[in-house]
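Quick note: numbers below take in every heavy atom, side chains included, and nothing from hydrogens, waters or symmetry partners. When a ligand or atom number is given, it counts from 1 through the structure's own listing order. Along the sequence shown, residues carry numbers from 1.
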Amino acid sequence: MDLGISGRKAIVCAASKGLGRACAMSLGREGVELVINARTAETLEATAEEIRQETGAKVTAVACDITTDAGREAVLSACPQPDILVNNAGGPPPGDFRNWDRDNWISAVDANMLTPIFLIKATVDGMIERKFGRVVNVTSAAVKAPIEILGLSNGARAGLTGFIAGLSRKTIRHNVTINNLLPGPFDTDRFRSNIQVQADNAGVSYDEMLATRSADNPAGRVGDPYEFGEACAFLCGAHAGFMTGQNLLMDGGSFNSTM
Ligand code: NAP
């Protein structure tokens, strides 16, 4: 299926690894011109080159912290008028809310709520004028099924989800859609390090813990980032213009509900 976005311009945040990288790769395969971002220049440049080699896409790498004003300015000056914006950043650390002070909360809200909101603020009016825009926010399955130790993530992402629910109904009239993609367990560096911690805590090997987590999922496995990237590309496609304000869960069916 041709998604109809060849030649469009995209910003993909936090994209040197994992889910962000997969989103960038899938958009690159569709012929989208990319500006990708992450903090570590070396890994980011290596990923940019892999995407160029695999897809032939034009890729500009901007190494910066997307959760800062300076980082967002750097990315936006490399691509001031994106047609597509994929918001992503690292997730906050787990812990007990009794140990979190104001600074911990502000960091989580900065990364997982305000950064996407400020990037949307900087780009959405141009999308509206040009009558095409696709925004995808990478959030988490924890938005729907909260994980107690991830309270910083549950709280900050819920704030973003509420904001998007309102705004997305205002922009779709101009062919600008805004949706959230909610990953469950996907095989990324972050996921692997979580599995290692759980394995160490349980006194079992990494492979044993991975097998347990996989067996617990209705799919009998964890997700492949490729699958996530392709879903993101679909949401960014020309044919997805009647879909906005949605929270699309990709968790292998773990969240058990009729709707
Ligand atoms: P990952 O494999 O650790 O990759 C994270 C990427 O984000 C890296 O490219 C990293 O590069 C970049 N990054 C982190 N902080 C950044 C910042 N402040 N500015 C710019 N780039 C930044 O993580 P992932 O598994 O793909 O997770 C992506 C998001 O999905 C996270 O918010 C995570 O909480 C959420 N999520 C993931 C899963 C899962 O199973 N994988 C499940 C639920 C939710 P640098 O470190 O070089 O900056």
Side-chain angles (χ1 to χ4, degrees), residues 11-26 34-48 50-51 61-76 78 86-94 106-116 118-119 136-147 149-158 160-161 180-198 210 213-214 216-217 219 221-229 231-232 247-252 254-255:
I11 293 174
V12 186
C13 304
S16 66
K17 294 183 190 173
L19 303 179
R21 177 187 183 282
C23 294
M25 190 67 88
S26 291
L34 298 164
V35 169
I36 63 169
N37 146 266
R39 291 165 302 182
T40 316
E42 204 181 337
T43 334
L44 181 67
E45 193 42 64
T47 297
E50 278 167 29
I51 299 172
V62 181
C64 60
D65 183 341
I66 199 65
T67 68
T68 64
D69 287 340
R72 288 187 292 274
E73 273 165 29
V75 166
L76 288 166
V86 180
N87 281 314
N88 185 30
I106 295 296
S107 298
V109 168
D110 262 343
N112 298 115
M113 179 180 170
L114 296 179
T115 289
F118 286 142
L119 286 170
V136 174
N137 303 303
V138 178
T139 66
S140 174
V143 171
K144 247 181 122 83
I147 300 166
I149 56 163
L150 293 179
L152 289 169
S153 169
N154 300 338
R157 296 190 201 274
L160 175 67
T161 305
N180 305 318
L181 207 42
L182 283 54
F186 275 88
D187 187 12
T188 65
D189 280 9
R190 177 184 165 92
F191 176 79
R192 278 179 224 133
S193 58
N194 288 345
I195 292 284
Q196 189 62 62
V197 170
Q198 289 171 358
L210 180 61
R213 288 287 305 271
S214 299
D216 285 348
N217 191 291
R221 64 180 178 89
V222 299
D224 182 335
Y226 168 82
E227 298 171 297
F228 192 87
C232 175
N247 289 283
L248 289 139
L249 188 57
M250 293 188 73
D251 68 347
S254 282
F255 184 78

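Under the 3.5 Å distance criterion, the side-chain polar atoms of Asn112 are left unmatched by any main-chain donor or acceptor of Ser153.
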Using distance only, find each side-chain donor-acceptor pair of residues 139-147 under 3.5 Å and give its atom names and separation, not counting sequence neighbours.
{"from": "Ser140", "atom 1": "OG", "to": "Ala142", "atom 2": "N", "distance (Å)": "3.0"}

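Arg190 is linked by a salt bridge (Lys or Arg N to Asp or Glu O under 4.0 Å) to nothing, counting only residues two or more places apart in sequence or in another chain. Under the side chain to side chain contact (heavy atoms under 4.5 Å, CB included) criterion, Arg39 pairs with Asp65, sequence neighbours left out.
Between Asp216 and Arg213, none of the side-chain N atoms (NZ, or NE/NH1/NH2) sits under 4.0 Å from a carboxylate O, so this pair counts as no salt bridge.
Protein residues with any heavy atom under 4.0 Å from ligand 1: Ala14, Ser16, Lys17, Gly18, Leu19, Asn37, Ala38, Arg39, Thr40, Cys64, Asp65, Ile66, Thr67, Asn88, Ala89, Gly90, Gly91, Val138, Thr139, Ser140, Arg157, Pro183, Gly184, Pro185, Phe186, Thr188, Asp189, Arg190, Phe191.
For the pair Asn137 and Thr161, the minimum side-chain heavy-atom distance is 4.5 Å or more.
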